[in-house]
Each structure stands twice: as structure tokens, then as C-alpha cells.
Peer 1: 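Quick one: the structure is below, and I'll ask about it shortly.
Letters A, B, ... mirror the listed sequences (proteins, then strands); counts begin at 1.
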2 protein chains.
Amino acid sequence: MDRLDKKILRLLQEDSTLAVADVAKKVGLSTTPCWRRIQKLEEEGVIQRRVAILNPQKINTRVNVFVSIRTNAHSHEWLKRFSEVIQEFPEVVEFYRMSGDVDYLIRVVVPDIAAYDAFYKKLIAKIEIRDVSSAFAMEQIKYTTEMPLDYMVLDKETNSSAA
Amino acid sequence: MDRLDKKILRLLQEDSTLAVADVAKKVGLSTTPCWRRIQKLEEEGVIQRRVAILNPQKINTRVNVFVSIRTNAHSHEWLKRFSEVIQEFPEVVEFYRMSGDVDYLIRVVVPDIAAYDAFYKKLIAKIEIRDVSSAFAMEQIKYTTEMPLDYMVLDKETNSSAA
DNA sequence: TGTGAAAGCCTTTAACG
DNA sequence: CGTTAAAGGCTTTCACA
């Protein structure tokens with residue numbers, strides 16, 4: 001991966017409907033090499049997928065809840081079961097194993113507090129959890145799927161050659 | 001929005017490279033009406049954008065940090081400034097105003113703890129914050145841009161008519 | 001690796017039930 | 001609102017530098 005791949009990724013992270021020819025123009029390439037690069041980035045799994053991002057307002061999932069979970073069952077078995085349970089819920093859009101005093105953190109999207117309560121009841125009915133604490137977001141000020149590309153490790157461009 | 005729009009959204013949330021004809025087939029429509037529906041969903045802003053999702057591993061942003069922020073400057077001015085500062089950082093991918101004892105919650109993506117420390121220093125150099133506490137994720141178990149569509153409010157399908 | 005052009009597929013429009 | 005079919009554009013491939 002080099003500077004041009006990075007430019008391509010930057011563009012496609014913003015808008016994946018861009019035509020290959022347009023991407024090519026913007027990065028200063030003609031279509032075929034640009035197409036080949038995009039292809040390669042997909043094969044290598046750098047580009048994982050292309051998706052439509054929906055407006056949460058319009059689909060009635062405007063409330064974000066962060067749920068901190070503590071457990072005493074630190075077994076592999078419990079985590080496996082917990083994982084499976086969580087994956088089943090489409091309301092859970094993010095799920096992290098944490099360091100520190102909280103064991104797991106999940107982000108849940110729902111229309112309102114009542115729906116969160118229903119979700120919560122369904123969750124604790126399915127698996128035993130020592131301690132759950134919920135924090136409600138009043139407002140989502142920023143949300144993006146664009147990752148910073150500043151940390152990308154680029155191949156040394158010692159000259160014009162590459163692998 | 002009706003049941004068919006919902007199906008279309010479900011498909012495009014998963015994979016926006018699907019050809020209109022394929023979407024049409026899957027929802028049991030022919031291409032033109034399906035195309036018109038997708039067009040409308042975009043115009044109405046239900047579909048906000050189409051983006052490429054990158055693999056965090058490959059672009060060296062595998063570490064997620066959740067930063068809880070408390071402030072005593074509860075003024076509109078302070079929030080405006082804070083917002084602007086945060087938006088500037090590509091490492092901040094989510095930003096919420098919270099209820100409860102934490103005022104703001106942000107998710108930061110970086111390659112490692114050292115990079116987080118550098119980010120942290122840049123942040124506090126730019127704006128005064130009363131209290132910052134960082135929680136590191138050891139593992140991202142689930143991350144999806146797919147929102148649950150179960151809460152969507154559908155038009156009453158009393159018969160076959162619509163607006 | 002890059003260029004330019006040809007082939008084929010998809011999107012988009014139009015004409016019509 | 002649905003269908004079928006034609007037009008135009010984009011992706012993808014190929015031959016070549």
C-alpha cells in the first residue's frame with residue numbers, strides 16, 4: 001500500500017458510489033490501474049464491504065444507550081454464550097471487551113427508553129449478568145465510519161518499483 | 001415506507017454493491033419500481049450515504065478507547081468550541097452528549113496506547129476539560145453499521161393504495 | 001505499472017398498462 | 001404503482017507500451 005492507495009481509500013470511505021474513472025481522475029491515475037488497485041484492496045480485505053448508511057431518525061433508532069457490564073463468570077464458556085446472545089440482538093451495534101473495572105461495553109440503539117427497557121429485560125432473561133449499568137446519550141454529536149488513515153503503514157517508496 | 005422499502009433497506013445495509021435488478025428480484029419487484037423506491041429513499045434521506053468500510057487491522061487503528069469527559073463549563077460557548085475541536089480529530093469516530101454523571105463520551109481509534117497518549121495530549125492542549133477518564137477496549141467483538149429495522153414506522157397498508 | 005479502446009453489464013429513462 | 005424495452009454510462013477486460 002502506498003500513497004495512492006491511501007488516497008483511494010480516503011475517497012471510498014467518504015463515498016463509495018464514486019465511479020472508478022472519477023476516483024482515478026482525483027488521484028491522478030487512469031481507470032485501469034485505479035481499478036486494479038481497488039480490486040486488490042478488496043481482495044486483501046482492506047476494503048471489507050460497501051454498505052448503505054441509514055439515517056437513525058428516519059428508521060426510529062435515535063436513542064443510543066451505552067451499557068457497561070460486569071460479570072464474575074470470567075470463564076471462556078460464559079463469554080462464548082454471552083457473545084452469542086449479544087450477536088442475536090440487532091439493537092446491539094457495538095460490543096467490546098474492556099480492560100479496567102467494566103468487563104464489557106455495548107452500544108444499543110432503540111427508539112426510546114421504553115424500548116430500551118424491553119431490550120434489557122430480554123437480555124437479562126437470556127443470560128446471567130452480575131452488574132449492568134446503562135448510560136443514555138442525549139445527542140449524537142458525531143458519528144462516522146471513516147477511520148483515520150494517518151496511521152497506515154505505507155511501503156517504502158525508495159524508488160518507483162513495488163512488489 | 002412499507003414492507004418492501006424495509007426489505008430494500010435491509011439488503012443495502014448489508015451490501016450496497018447489489019445491482020438494482022438483484023435487489024428487485026430479492027424483494028419480488030421488477031427493476032424500475034425498485035429503482036424508484038431506492039431513489040426516493042435517498043431523496044428522503046433515509047439512505048444517507050454509501051461508504052466503504054475498511055478493516056481496522058489493515059489500516060492500523062485496532063485500538064478502541066472510550067473517553068468519558070466531565071466538565072464544569074456547561075455553557076453553550078464551551079460546547080461549541082469543544083465540538084469544533086473534536087470534529088477536527090479523525091481519531092474520534094463517535095461523540096455523544098450523555099445524561100448521568102459523565103457529560104460526554106467519545107470513541108477514539110488509534111494504533112496503540114502511545115498513539116492514544118499523543119492524541120490525549122493534543123486534545124487537552126486545545127481545550128480545558130475538568131475530568132477525563134479513558135477506558136481501553138481489549139477486543140472489538142461486534143461492530144456493525146446495520147441498524148435494527150424492527151422499529152421502523154410503516155405506513156398502514158389498509159389496502160393496496162399509497163400516497 | 002501505465003495507456004487506450006472494445007465488450008458487456010447496469011443504471012436510468014421513456015412509453016405504456 | 002407496475003411492466004417491458006431502449007439509451008447511455010460505467011465497469012471490466014484485453015492488447016500493448
Side-chain angles (χ1 to χ4, degrees), chain A residues 1-55 58-59 149 152-163, chain B residues 1-55 58-59 149 152-163:
Chain A
M1 290 199 291
D2 62 7
R3 202 173 41 80
L4 289 180
D5 285 327
K6 191 167 158 180
K7 277 194 180 179
I8 292 170
L9 291 175
R10 179 157 288 135
L11 290 167
L12 294 181
Q13 271 203 121
E14 265 179 42
D15 180 4
S16 67
T17 66
L18 273 174
V20 177
D22 293 340
V23 176
K25 206 175 297 167
K26 293 199 187 208
V27 305
L29 229 53
S30 48
T31 40
T32 308
C34 184
W35 182 84
R36 287 203 279 242
R37 277 167 183 269
I38 294 172
Q39 212 63 18
K40 188 144 170 279
L41 289 167
E42 280 169 353
E43 276 163 25
E44 288 171 343
V46 180
I47 297 175
Q48 274 183 328
R49 50 202 334 212
R50 289 148 185 265
V51 301
I53 301 294
L54 308 187
N55 184 335
K58 305 274 182 178
I59 56 171
L149 298 177
M152 264 178 70
V153 180
L154 304 182
D155 301 335
K156 292 273 185 307
E157 293 181 87
T158 41
N159 52 42
S160 57
S161 72
Chain B
M1 291 199 290
D2 62 7
R3 201 174 42 81
L4 289 180
D5 284 328
K6 190 166 160 182
K7 276 194 181 179
I8 292 171
L9 291 175
R10 180 157 287 135
L11 290 166
L12 294 180
Q13 272 204 121
E14 265 178 42
D15 179 6
S16 67
T17 67
L18 272 175
V20 178
D22 293 340
V23 176
K25 205 175 298 166
K26 292 198 187 209
V27 305
L29 230 53
S30 48
T31 40
T32 308
C34 184
W35 181 84
R36 286 203 280 243
R37 277 165 182 270
I38 294 172
Q39 213 62 19
K40 187 144 172 280
L41 289 167
E42 280 170 352
E43 276 163 25
E44 288 172 341
V46 180
I47 296 175
Q48 274 184 327
R49 51 203 331 216
R50 288 150 187 263
V51 301
I53 301 294
L54 309 187
N55 184 335
K58 304 274 183 177
I59 56 170
L149 298 177
M152 265 179 69
V153 180
L154 304 182
D155 302 334
K156 292 273 186 305
E157 293 180 89
T158 39
N159 51 42
S160 58
S161 72

Peer 1: Mind running a 4.0 Å heavy-atom check of residues 44-53 of chain A against DNA chain C and sending the residues that fall below it, in number order?
Peer 2: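 When residues 44-53 of chain A is checked for heavy atoms under 4.0 Å from DNA chain C, there are no hits whatsoever.
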Peer 1: Might you work through the side-chain contact (heavy atoms from CB on, under 4.5 Å) test for A/Arg50 and A/Leu12, ending with a clear yes or no?
Peer 2: CA-CA 9 Å; A/Arg50 289 148 185 265; A/Leu12 294 181; 3.8 Å; yes
Peer 1: For nucleotides 4-17 of chain D, give me one character per nucleotide, 5' to 3': B if any protein heavy atom sits under 4.0 Å from the base, S if the only such contacts are to the sugar-phosphate, - if neither.
Peer 2: BB----SSSBB---
Peer 1: Going by an N to O cut-off under 4.0 Å, is there a salt bridge joining B/Lys40 and B/Glu44?
Peer 2: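 Salt bridge present between B/Lys40 and B/Glu44.
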Peer 1: Which pair of non-hydrogen atoms, one from A/Lys6 and one from A/Leu149, has the smallest distance, and what is that distance?
Peer 2: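 The pair with the smallest heavy-atom distance is CE-O, 3.3 Å.
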Peer 1: Rounding to an integer number of Å, can you tell me how far A/Leu29 CG sits from C/dT1 P?
Peer 2: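 The answer, rounded to whole Å, is 11 Å.
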Peer 1: When you compare the side chain of A/Met1 with that of A/Leu41, does any pair of heavy atoms fall below 4.5 Å?
Peer 2: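 In short, these two side chains touch, coming nearer than 4.5 Å.
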Peer 1: How far apart are the closest heavy atoms of B/Val23 and B/Leu11, and which atoms are they?
Peer 2: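 Minimum heavy-atom separation between B/Val23 and B/Leu11: CG1-CD1, 4.1 Å.
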Peer 1: Once you round it to whole Å, what is the distance between P of C/dC9 and NZ of B/Lys25?
Peer 2: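 To the nearest whole Å, that distance equals 13 Å.
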Peer 1: Closer than 4.0 angstrom, basic N to acidic O: yes or no for A/Lys7 and A/Asp2?
Peer 2: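 A/Asp2 and A/Lys7: not salt-bridged.
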Peer 1: Given atom CG of B/Asp15 and atom C1' of C/dC10, what is their separation to the nearest angstrom?
Peer 2: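 Computing the B/Asp15:CG to C/dC10:C1' distance gives 15 Å.
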Peer 1: Could you tell me if the side chain of A/Ile8 sits less than 4.5 Å from the side chain of A/Ile38, heavy atoms only?
Peer 2: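 Result yes, sub-4.5 Å side-chain heavy-atom pair found.
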Peer 1: Which heavy atom in A/Gln48 sits nearest to a heavy atom in B/Leu54, and how many Å separate them?
Peer 2: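 So the two residues come closest at OE1-O, 3.6 Å.
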